[in-house]
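Accompanying notes for the structure given below.
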Amino acid sequence: MRAASQAEPAGQAEWTVARSEALYRVSGWSDGFFHINDAGKVCVRVSDDSPAMVIADIIAELRKRSIRLPALIRFQDVLRARVQRLHQAFNTAIADSGYSAPYRGVYPIKVNQLHEVVEEVLEAGRPFGMGLECGSKTELIAALAHLDDDEALLICNGVKDSTMMRLMLAAQRLGKNVIPVVEKYHEFEMLMSIAEAMEARPRFGVRVRLATSGSGKWAKSGGDLSKFGVSIPELMQLVGRLQQCGMSDALVLLHFHLGSQLADIQIVKHAVKEIAHIYAQLVERSLGVKYLDVGGGLSVNYESQYDADDQPINYNLQEYANAIVYAVKEVCDVENAACPVLISESGRAITAHHSVLVVPVLGAFRKDAVDPNYKPGPEEENVIHELYGILADIRGRLKKTARVQVWQLLESFHDAAEKRGEADQLFTLGYLPLEQKATAERLYWSICQGVHELLGGVDPGAQVPAELRALDEHLVDQYLCDFSVFQSILDHWAIGQGFPIMPLERLNEEPTRRATLVDLTCDSDGKVDHYVSALRDRRFLPVHGNGGTDPYYLGFFLMGAYQDIMGDSHNLFGRVAEVHVYSDAHEPNGYYIEKIIPGTTVEEMLADVQYFPSDLKRRMNEIIRRKVDAGVIRPPAGVQLLEEYMKCFADTTYIDHEG
Ligand SMILES: *Cc1c(COP(=O)(O)O)cnc(C)c1O
């Protein structure tokens, strides 16, 4: 079975690293951060003049330090680089267009709230005056304490209660640039009455429900059907109230958010123009609006199959920044309004690239084939000899270069199926020993593999019957992987999000097998069902044979946005270990590990669902004691069993694949 033969004509040329890069479409999703070195190993590099960090080196170091995999590796420099690129893109657009106000990014922490991630983003964004965005009370509490800089914005979206409002108004009094964004009209009324009680002059923003709606999975985040935002009639009512009580300066920000992964730049432009007109008209009515917040939605190319995706992303970072800056400028020029400070809340685009999940393959399961040197002996039944005859014929064809016809393959396949049926019948009647039934099955699958391989070489225009096409699925390997889809790539299960996955080593060798990846959960949905690759059939991942004893590691890329925090506890698999890596040219391997956060332990997972070690120990002890009393086991064996049981509480929830 030749995996790559679908992508390129089989085998004449030597396999190269470049062919692996093309096969896994690395340039489509890597944004320049990932490449394969000459030794066939995946490397991470922030820019051309920074060191290439070999992920396999990091894995080796973790193993030396007895850190158990799977692990999530965070490349902090990649995170920083994304923050910088975002600001540079807007600053370039602002300079080129002569836009007369600055851009101020805010990081929506819901995308990845991990403390180190937020701190790293803030630090990288400090020269640009970057702020934060939060959407709940807990996020507000976390974010508020990180506003060292009085200028940095903290935008609070989402539904708010009076506690949150009071806290934000108090922070404004401290001189902090905290802006509550009113989501619903009644929030405005609540804000006004709390401000009055506190004798505070509030500053706030409004999320506007635009006529433009997004497209794709998050289309309902905007438009008439959205659950978010204030309608235009409500906005006018709100403006009237402010003018009445002489507080026109309180409304400082307009906001919209069309949803995540916006695919079409035209929709972005359209929405931006719509809000810019609203802005300009409010300025004309002497409201204090000076910030225009275009929300998130800047896309990340996960699959980058422009031809295959139903929602191809048709722009890049610079085009996104240009679209916003130029559209707002155009409207402000026409309407004669001062340009507002631009804010965007890009989350996914900042964090997606920086983390890579390293997953060990625990085992490969494939259809058993016969040993290449196998020959049936005289004691074996006729049917075995007949199956062997079909196999020998197929092997003969595989050696020749002559093109085979589809009907010839179909004939061999039918013959094999018939003989396998015969073998099954003989077995049921008691004429075929179990060993020979096993041989018959192995022969059958060997024939199917040969047929499948020959199928790759038939006339490309030939019609292939469904029976033969189905071999694709029947012959694919299953790679059992030490992870949980529900904990680590929830969006794959929930919304069919594709994530780039590829081996981290051996990429200078041809990946000759095709596999589906299955996880540890006892859930038939616990698998990856489509892959990013250049193969025509994306239901399978091209992989290397995993025959040796060397562990085989797969990298899951673009893990940094949403997956970390949304993962759930299906089958009580917990968070994986985390490793924070910094690039450093002075270190021998071009990097150093700054921090390791252990994965969730069995004890911690159990506590989440209200099981506690002392109670479990007591119960276990009781069970063992009864067996000792009954004489089933000796007391020392009982003690040992209890010790083994208790030792597991400190373990991680994943499989110890080296133990
Ligand atoms: C989720 C969200 C974001 C972040 O969106 P991305 O697609 O990750 O950039 C920004 N703003 C609001 C209001 C959100 O709800």
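In this chain, residues are counted from 1 in sequence order. Every number for a ligand or one of its atoms is a count from 1 in the order of the listing.
In summary, the aromatic rings of H354 and H580 are positioned with their centroids too far apart to meet the 6.0 Å limit.
In this structure, the side chain of D77 engages the main chain of S583 through a donor-acceptor pair within 3.5 Å.
By the side chain to side chain contact (heavy atoms under 4.5 Å, CB included) test, N157 pairs with E133, I155, V181, E183, H255, E345, sequence neighbours left out.
In this structure, R538 forms no cation-pi arrangement with Y531, as its terminal cationic atom is not both closer than 6.0 Å to the ring centre and no more than 45° off the ring axis.
With F483 as reference, F556 is the one residue of Y654, F556, F573 to meet the ring pair (Phe, Tyr, Trp, His ring centres under 6.0 Å) rule.
By the 4.5 Å heavy-atom criterion applied to side chains, K137 and K160 are not counted as neighbours.
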Just list the N/O pairs, ligand 1 to protein, that are under 3.5 Å apart, with the distance for each.
| residue | atom | partner | partner atom | Å |
| --- | --- | --- | --- | --- |
| ligand 1 | 5 (O) | Y562 | OH | 3.4 |
| ligand 1 | 7 (O) | S260 | OG | 2.4 |
| ligand 1 | 7 (O) | G297 | N | 3.2 |
| ligand 1 | 8 (O) | R348 | N | 2.8 |
| ligand 1 | 8 (O) | Y562 | OH | 2.6 |
| ligand 1 | 9 (O) | G297 | N | 3.0 |
| ligand 1 | 9 (O) | G347 | N | 2.9 |
| ligand 1 | 11 (N) | E345 | OE1 | 2.5 |
| ligand 1 | 15 (O) | K110 | NZ | 2.6 |

